[in-house]
Each structure stands twice: as C-alpha cells, then as structure tokens.
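One structure is given below, encoded as structure tokens.
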Amino acid sequence: MAISKRKKAQYRRITVYVLSVIALLAMVLVVDWGRLQSAMFQWDIVVEQFPDILTSAAKNTIIFTILGFAGGLSFGLLFALMRLSTIRPYRWFAATYIEIFRGIPLLVTLLILGFGIPIATGWRWPNPYLQGAVPLALVASAYMAETIRAGIEAVPKGQMEAARSLGMSYSRAMITIIIPQALRIIVPPLTNEFVLLIKDTSLISVLGVTAGTRDLARFGRDGVNHTANATPLIVAGLVYLAMTVPLTQLVAWMERREKAASR
Amino acid sequence: MNSDVVVSITDLNKSFGDNHVLRGIDLQVQRGEVVCIIGPSGSGKSTLLRCVNMLETPTAGTVVVLGRELTDIDCDLDEARAHIGMVFQQFNLFPHMTALENVCVAQRKVLKRSEDEAATIAHGLLARVGLVEKDNAYPAQLSGGQQQRVAIARALAMNPDVMLFDEATSALDPELIGEVLQVMQSLAQEGMTMLVVTHEMGFAKGVADRVVFMDGGVIIEQGPPSQVISAPVEERTRAFLSSVLNH
Ligand SMILES: Nc1ncnc2c1ncn2[C@@H]1O[C@H](COP(=O)(O)OP(=O)(O)OP(=O)(O)O)[C@@H](O)[C@H]1O
Ligand SMILES: [Mg+2]
C-alpha cells in the first residue's frame with residue numbers, strides 16, 4: 001500500500017523531533033556541566049564584572065557606536081548624493097571610496113588609520129575615542145551610502161519631476177520631497193547597520209586604548225587575563241545581546257508593519 | 001514678438017539616443033488659449049509637453065515661455081518652472097504630506113509665502129476643485145479623481161501663466177474622469193492658458209480652441225476642433241480618429 005504524501009511528511013517530522021530530543025539528551029549527559037560552569041560561568045566572577053561592565057565598558061561601546069554611526073550617516077548621505085550626481089567626477093570619487101572601504105576588512109582599516117598613519121607621520125590622534133570611531137565611521141559610511149542611494153532610487157521618479165515642475169531646485173526637492181520618503185525605506189536597513197556597528201566596535205580593542213576607553217570586548221578579554229576564567233567574556237557577550245536583540249526585534253517589527261501597510 | 005504669445009516653440013527636436021522623437025515642432029500658444037494635443041501612442045506628445053517646462057532637454061530648437069527663452073543656457077529654470085503648472089497622468093502627489101501640505105509646500109519653499117497665506121490660498125483652491133474638508137487627508141486616503149484635483153490645485157497655487165496637462169485622466173477609473181474634466185473645463189472658461197495632451201475627444205471637441213494632431217514626432221494637422229476632429233483633411237488624422245472613436 002502506498003503511503004500518501006502528507007503521511008510521509010508527518011513521519012519525517014516525527015523523526016526529526018525524536019532525533020533532536022536524543023541529541024539534546026546526549027549533550028546533557030556527556031557534557032561535564034560542573035566543569036563547564038566553573039570555567040565559563042562562575043557566579044562570583046559574574047558579580048565582580050558589575051557595575052564596571054555597564055558604567056564603563058558598555059558605555060564606551062555605545063560611545064564608539066554612536067560616533068561611528070553619526071559620522072557614517074553624514075558621510076554616507078554625502079557619498080550617496082555624490083553617487084547620484086550628474087557630475088561625473090563626484091560619481092567616480094564616491095564609487096571609488098565605497099569600493100575601497102567595503103573591500104578592506106575593518107580590522108585592517110583600523111590598524112592603518114589607528115597605528116599606521118600616526119607612525120608614518122608623527123601625527124597623534126587627539127582623542128582615543130576618535131582614534132577608534134573615525135575608521136569605524138569611514139567604513140560605515142561606505143555601506144550606508146549604498147543603503148541610502150538604494151532608498152533614494154526607490155522613490156518614484158515622478159516625485160522629483162513634480163517637485164521640479166513646481167519650481168523647486170534639485171537640492172530643495174531632495175530635502176523636502178525625496179529624502180523624507182527615502183527615510184521610510186532606509187530606516188530598517190540603517191538600524192541593522194547600527195547593530196553591525198555595535199558588534200564591530202569590538203575590533204577597536206586591537207588599538208590598545210586606555211583603561212577609561214576600553215570597550216566591552218576589551219573589558220571581557222582583560223577580565224579573562226585577570227581571573228584566568230572565561231566568565232568575563234560570557235558576560236560581555238550577554239551584554240552585547242542585551243543591546244542587539246531589542247534592535248533586531250525592532251527591525252523585524254518595522255518590516256512586518258511595512259509589509260502589512262503595503263498589502 | 002506678440003506679447004500675447006505665452007508659449008512659443010520653434011523647430012523643436014528631441015532624440016533619446018537613436019530614437020528621434022520630436023522632429024521639428026513649431027507651435028505657438030496665445031494667452032487664454034486652450035490647445036489640445038492628440039495623436040497615437042509614442043508620437044511624442046508627452047515629450048513635447050515635457051520640453052515646454054524642460055523636464056526633458058531638447059536636442060535642438062527653442063522654447064520661449066512669456067518671453068523667457070528656456071533653451072538658453074543662462075535661463076533660470078527653477079524660476080521659470082514656478083510659472084508653468086504641470087499635471088501628470090500619475091498625479092505624483094507627495095504621499096508624505098496632506099492635501100493641504102501638498103498645495104502649500106511649493107508656495108512656502110519657492111514663492112516664500114507665509115504659512116498663513118499659503119494655507120489660506122491652498123484651502124481656497126481645494127474648495128475650488130471641489131474638495132472641501134479634505135485638507136488633512138493624505139493622498140492614499142483619496143480616490144484617483146480627488147488626488148488629481150489636489151494635483152491641479154497644487155499647480156494653480158503657483159499662479160501659473162500656463163498649465164500643462166499630460167493625460168490627466170488616463171489613469172482614472174471611468175466614473176472619476178468626469179470630475180477632473182469638469183475642473184479643467186472651468187479653468188479653461190476662466191481664461192487659463194492650457195496645453196492639454198488627451199485622449200478625451202469629447203473634451204477636445206467641447207473645450208479646445210485649437211486641436212493639434214501629432215504623429216511620428218511632427219504636427220500633421222491643426223486647427224479648431226470643428227475642423228481637425230469633425231472634418232480632418234489628413235489621412236493619418238482620419239485613421240487615428242476612427243481608431244479612437246470606434247472603441
Ligand atoms: N526618457 C526616455 N528615454 C528614452 N526614450 C523615451 C523617453 N521618454 C520617451 N521616450 C520615447 O519617445 C517616444 C515618444 O514617447 P512619448 O511618451 O512622448 O509618446 P506619447 O505620444 O506621449 O505616447 P503615449 O500616448 O503612449 O503617452 C517613445 O518611443 C518613447 O519610447
Ligand atoms: Mg504620453
């Protein structure tokens with residue numbers, strides 16, 4: 001007797017459930033939980049991280065992120081407009097910039113700008129926050145430029161034509177008519193960009209910043225060296241999650257709402 | 001030049017790459033005149049209209065509106081466009097603004113009118129196109145016919161010397177066409193200079209002072225509607241009219 005398609009699908013699902021439960025049980029039995037906890041989640045070390053991990057490390061991560069985002073957004077908007085310009089050298093410049101900064105790993109850019117330039121020129125970064133945030137902003141602006149450009153291009157052409165036919169200049173039409181409409185399209189991807197930046201700030205720790213400007217990742221690493229235990233890194237990871245998960249959920253919510261509105 | 005000429009087009013040519021769309025158009029529009037442009041799809045009607053306010057840059061020829069030569073490189077196009085109203089097939093209302101804001105925004109940003117003055121004018125114009133109590137509605141909350149009437153009010157708010165209509169009713173459901181045509185007709189009766197691309201032969205017949213038939217980027221025939229629509233001389237005009245009137 002042949003088994004129906006639906007019956008088959010049902011069997012397959014049951015098999016997957018059973019296998020998952022077995023795998024989970026095996027993990028629970030095989031792993032030495034006591035050892036794992038003493039190496040990675042010792043309660044007294046967890047408690048030790050506070051309040052500094054919030055008042056100093058998380059604060060610094062947020063400062064780096066906001067500086068990087070604000071700089072990235074301003075330059076990103078500038079490069080997006082240059083990419084859309086009718087003036088060719090502007091387009092070339094922006095396109096080259098975007099290619100370069102998207103093509104080099106952030107870590108390398110951080111090292112070049114954070115260490116390389118000061119060593120080569122004798123010039124010193126006036127502020128340790130800027131030393132990390134400027135390279136971050138330069139890279140972020142390359143990504144944001146493409147997001148913003150896509151948003152502007154998604155606004156129907158008739159909007160610019162209507163604005164121009166009313167006597168508005170190109171820049172006036174951009175500011176009053178096009179960009180407000182583009183914003184609705186680009187807020188979700190820009191929020192994602194913000195989440196990426198939060199995580200990318202962890203790379204700034206390679207610059208060996210001062211104790212007062214340590215970010216979360218650096219704080220966790222120093223904690224590991226200090227306690228010979230991985231707990232500080234786990235706590236740092238949890239603090240990252242506390243920042244990123246609400247934002248990714250916000251993006252998901254915005255996208256659902258947008259989908260519902262466009263139906 | 002006669003000061004009563006509002007639009008004067010001389011030997012206008014426009015190509016898109018190899019596509020030679022306008023092939024030497026000469027057209028003059030007098031103050032208060034309503035000129036309807038008819039012709040088959042792809043004949044260059046929209047392109048001609050869009051050259052009048054330089055949304056398209058002509059390849060050759062001159063466009064003069066109220067003594068201003070728009071095709072002159074030194075011409076301030078923003079300033080010139082503020083006096084040329086345009087109504088689009090797809091309305092092109094600003095979706096993030098209410099009806100009132102749509103009518104106010106260029107008054108404020110281009111003509112620098114005060115907020116109160118702009119709002120008063122906008123409110124009056126919306127009433128004039130038959131939209132009362134719709135000031136705070138967003139375009140998405142309006143029917144196509146209502147949106148197009150807001151678009152007309154938006155153009156009128158600039159006190160244009162001439163209005164360009166590019167198939168203003170083509171995107172509308174049949175039952176909404178009448179309300180827009182009525183607004184256009186009353187504008188014509190009030191003496192507005194109008195250049196109207198349309199497929200509405202009834203409107204052209206009833207409202208136009210002059211009908212221009214275009215095909216293949218040239219003007220084939222023009223004259224009063226009683227002549228061009230009711231008794232066309234050219235074979236191509238007859239063929240076009242019989243194809244529109246018979247469906
Ligand atoms: N921006 C453009 N780029 C390239 N070709 C274009 C552009 N705009 C119009 N054309 C071409 O020019 C020709 C005339 O187009 P136009 O829109 O002026 O015709 P139309 O008479 O308005 O037709 P319809 O009645 O369909 O609106 C067409 O062949 C069209 O493909
Ligand atoms: Mg057309």
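These values consider heavy atoms only, across backbone and side chains, with no hydrogens, waters or symmetry-generated copies. This structure is a prediction, so every number in the text was calculated from the model and none was measured. By convention in this document, chain letters (A, B, ...) are assigned in the order of the sequence lines, proteins followed by strands, and residues within each chain are numbered from 1.
In B:E115, the CD atom is not crowded: 12 or fewer heavy atoms of neighbouring residues, nucleotides or ligands sit closer than 6.0 Å. In A:R184, the CZ atom is not crowded: 12 or fewer heavy atoms of neighbouring residues, nucleotides or ligands sit closer than 6.0 Å. By the neighbour-count criterion of 12 heavy atoms within 6.0 Å, atom OH of A:Y90 is sparsely surrounded, having that number or fewer from other residues, nucleotides or ligands. Within a 6.0 Å sphere centred on CD of B:Q182, heavy atoms belonging to other residues, nucleotides or ligands number 12 at most.
For B:M54, no part lies under 4.5 angstrom from a heavy atom of chain A. Of the two parts of B:I84, only the backbone, made up of N, CA, C and O, holds a non-hydrogen atom closer than 4.5 Å to a non-hydrogen atom of chain A. Within the 4.5 angstrom heavy-atom criterion, no atom of B:L164 approaches chain A. B:F94 touches chain A through backbone and side chain together, each having a heavy atom under 4.5 Å away. The contact between B:R50 and chain A is made entirely by side chain atoms (from C-beta outward), counting heavy-atom distances below 4.5 Å.
For residues 135-174 of chain A, the interface with chain B (any heavy-atom pair closer than 4.5 Å) comprises A:G158, A:Q159, A:E161, A:A162, A:A163, A:R164, A:S165, A:L166, A:G167, A:M168, A:S169, A:R172, sorted by residue number.
If you tally non-hydrogen atom pairs under 4.5 Å between each of B:D78, B:L77, B:N92 and chain A, the highest count goes to B:D78. Listed options B:M158, B:M97, B:K109, B:H83 were ranked by heavy-atom pairs under 4.5 angstrom with chain A; first place goes to B:K109. Of the listed residues B:E79, B:R154, B:Q90, B:Q107, the one with more heavy-atom pairs under 4.5 angstrom with chain A than any other is B:R154.
Among residues two or more places apart in sequence or in another chain, the ring pair (Phe, Tyr, Trp, His ring centres under 6.0 Å) test is passed with A:F75 by none.
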